[in-house]
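One-based numbering, in listed order, for ligands and for the atoms of each. Here the structure is a predicted model, which is why all the values come from computation and not from measurement.
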Amino acid sequence: MTKFLLSVHVLAVIIAVGPVTVAASMFPATTRRAHTAPDHRAAVLGTLHRICRVYGLIGLLVPVFGLLTALSLGVLGDTWLIVSIGLTAAAAGVLALLVVPGQRKILADPAGTTPTLIRRLAMDTGVFNLLWAVVTVLMIVRPGSTTGA
Ligand code: HEM
């Protein structure tokens with residue numbers, strides 16, 4: 001059973017977190033190419049935004065199956081896991097409260113988009129990427145864990 005839960009957990013990471021990382025990272029750069037083909041750019045930005053929203057929601061499977069795996073393994077009280085849960089919550093918060101709304105703001109008023117707004121969005125996106133990358137390393141290294149390798 002644990003193997004099944006862990007498989008769904010890692011599949012959700014690959015299927016959901018991967019696309020959000022790429023789409024969110026492409027969004028600020030695409031916005032910067034402001035003056036070339038604005039109609040085409042709006043369509044691309046709309047698609048990238050939709051990927052971030054939809055796959056961000058699918059990404060909720062990551063903590064759900066992560067928690068089920070942890071329960072099944074009996075490691076819910078481990079420090080590495082508690083830190084990971086905190087960092088995952090922070091990553092989800094940055095995505096839902098800063099990255100997605102930042103994109104929405106740019107899409108709502110492309111003409112009023114300032115370089116500061118794009119820089120801010122690029123920074124928030126970088127923070128999101130860094131947070132989940134740190135969690136992935138924690139999941140593999142599991143510092144202080146006495147179970148498994
Ligand atoms: C609430 C948040 C999370 C919980 C409770 C959780 C829980 C777990 C647990 C219990 C394991 C099994 C560790 C073991 O075999 O001893 C695991 C493995 C793993 N998790 Fe998470 N996780 C969470 C979030 C994440 C996130 C955000 C990512 C990446 C974006 C991630 C990536 C992985 C990976 C790649 C493994 C496989 C590691 C390995 O087997 O070497 N997890 N997770």
| query | Which ligand 1 atoms does Trp132 reach within 4.0 Å, using its non-hydrogen atoms? | reply | 30 (C)

| request: Number the atoms of ligand 1 from 1 as they appear, then name those within less than 4.0 Å of a heavy atom of Val13, with their elements. | output: 28 (C), 29 (C), 30 (C), 31 (C), 32 (C)

| query | Is a side-chain N or O of Ser25 found less than 3.5 angstrom from the main chain of Thr21, in a donor-acceptor match? | reply | yes

| said: I'd like to know: is atom 21 (Fe) of ligand 1 within the 2.8 Å range of an N/O/S atom from Ser84, strictly under that distance? | reply: no

| field | For Ile85, atoms of ligand 1 separated by under 4.0 Å from a heavy atom | value | 1 (C), 5 (C)

| request: Step by step, work out the side-chain contact (heavy atoms from CB on, under 4.5 Å) result for Val83 and Leu138. | output: CA-CA 9 Å; Val83 172; Leu138 277 176; 4.0 Å; yes

| Which residue from Val141, Leu6, Val137 reaches closest to atom 18 (C) of ligand 1 through any of its heavy atoms? | Leu6

| Can you hop from Val100 to Val54 via hydrophobic side chains spaced under 4.5 Å? | yes

| said: Assigning hydrophobic clusters by single linkage (Ile, Leu, Val, Met, Phe, Trp, Tyr; side-chain heavy-atom cutoff under 4.5 Å), is Leu81 placed with Leu60? | reply: no

| task | Could you tell me which atoms of ligand 1, counted from 1 in the order shown, lie closer than 4.0 angstrom to a heavy atom of Leu81? | result | 5 (C), 6 (C), 7 (C)

| Within a strict 4.5 Å, meaning less than it, do heavy atoms of the Phe27 and Leu121 side chains meet? | yes

| Enumerated ligand 1 atoms positioned under 4.0 Å from heavy atoms of Val62 | 24 (C), 25 (C), 26 (C), 27 (C)

| request: With rounding to the nearest 0.5 Å, note down the distance linking OG1 in Thr2 to CG in Leu68. | output: 10.5 Å

| remark: The option among Gly74, Ala16, Ser72, Gly66 carrying the non-hydrogen atom nearest to atom 4 (C) of ligand 1 is Gly66

| note | One finds that the ligand 1 atoms under 4.0 Å from a non-hydrogen atom of Ala70 are 10 (C)

| Taking atom CG of Leu73 and atom CE of Met1, what is their separation to the nearest 0.5 Å? | 12.0 Å

| query | Which value, rounded to 10°, describes the NE2(His9)-atom 21 (Fe) of ligand 1-SD(Met139) angle? | reply | 170°

| request: Can you sort out which atoms of ligand 1 are near Thr88, meaning under 4.0 Å from one of its heavy atoms? | output: 2 (C), 24 (C), 27 (C)

| note | Quick look: Val135 vs ligand 1, heavy-atom contacts under 4.0 Å, and the answer is side chain

| task | Output the list of atoms in ligand 1 that are nearer than 4.0 Å to some heavy atom of Thr136, sorted by atom number. | result | 29 (C), 30 (C)

| Any side-chain heavy-atom pair from Leu45 and Gln103 closer than 4.5 angstrom? | no

| query | Salt bridge or not for Asp109 and Lys105, using N-O below 4.0 Å? | reply | no

